[in-house]
Participant: 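Can you read through this structure? Questions will come right after.
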Amino acid sequence: MVEILRSNEVLAVPIDVPVASEDRARAVSVDFLGQQILFLPGSVSIAQITTSPVLALVVRRSADWQHQIVEISPPVPMDGGIEAAFRRCIAMVEAPIHQCPAFWDFWRSANSLVDLGLLSTER
């Protein structure tokens, strides 16, 4: 990873993946979609170690639902430590989900929504 970033290349690190039980000790609890969710702040940790910027990337569908628009943020401020910077990243990703929930990959799996407490186990 360090070689990739120091070569001025891009490294994509998803920030909204479920945390495995063995990784819970490294996870950060953040407010996400109205719930306290554990996520791994690895993207911010890597950026701080390598002095690389973190850019939030959001893919939006156009009104015709046939085309996609990729939005890349300016560098996320890294002040305030890993958790504060990571929370800023989460907020940048969460905002478009509230605007249009279909943007979020987790909607593909009802079990993922149950795990987050966003969908009842009763069908």
Participant: To the nearest 0.5 Å, tell me how far Asp31 CG sits from Gln36 CD.
Facilitator: 5.5 Å

Participant: Can you see which heavy atom on Ala47 is nearest to which on Val54, and at what distance?
Facilitator: CB-CG2, 3.3 Å

Participant: Which heavy-atom pair separates Pro75 from Pro53 by the least distance, and what is that distance?
Facilitator: CB-CB, 4.0 Å

Participant: Below 4.5 Å, heavy atoms only, C-beta onward: do Pro41 and Glu83 meet side chain to side chain?
Facilitator: no

Participant: Which residues pass the side-chain contact (heavy atoms from CB on, under 4.5 Å) test with Asn8, sequence neighbours left out?
Facilitator: none

Participant: Do Phe39 and Ile15 come close enough that some side-chain heavy atom pair is under 4.5 Å?
Facilitator: no

Participant: With rounding to the nearest 0.5 angstrom, report the CD1 to OG distance, Ile4 to Ser52.
Facilitator: 11.0 Å

Participant: Quick one: are Gln99 and Arg60 in side-chain contact, heavy atoms under 4.5 Å?
Facilitator: yes

Participant: Hey, could you give me the CD/CE distance between Glu71 and Met92, rounded to the nearest 0.5 Å?
Facilitator: 10.0 Å

Participant: Could you measure the distance from the CG atom of Leu5 to the CD1 atom of Ile46? Nearest 0.5 Å is fine.
Facilitator: 7.5 Å

Participant: Is there a side-chain contact between Ile69 and Val59 (heavy atoms, below 4.5 Å)?
Facilitator: no

Participant: For the hydrophobic clusters of this structure (ILVMFWY residues joined by side-chain heavy atoms under 4.5 Å, transitively), does one cluster hold both Val10 and Leu57?
Facilitator: no

Participant: Do Val19 and Arg26 have side chains that approach each other closer than 4.5 Å (heavy atoms only, starting at C-beta)?
Facilitator: no

Participant: Indicate yes or no for a side-chain donor-acceptor contact from Arg87 to the backbone of Ser29 under 3.5 Å, with no hydrogens or angles considered.
Facilitator: yes

Participant: Rounded to the nearest 0.5 Å, how far apart are OG1 of Thr50 and CE of Met1?
Facilitator: 10.0 Å

Participant: How long is the gap from CG on Leu38 to OG on Ser21, to the nearest 0.5 Å?
Facilitator: 11.5 Å

Participant: Within a reach of under 6.0 Å around CD of Glu3, are more than 12 heavy atoms found that belong to other residues, nucleotides or ligands?
Facilitator: no

Participant: Is there a side-chain contact between Ile97 and Phe32 in this structure, where contact means two heavy atoms from C-beta onward sitting under 4.5 Å apart?
Facilitator: yes

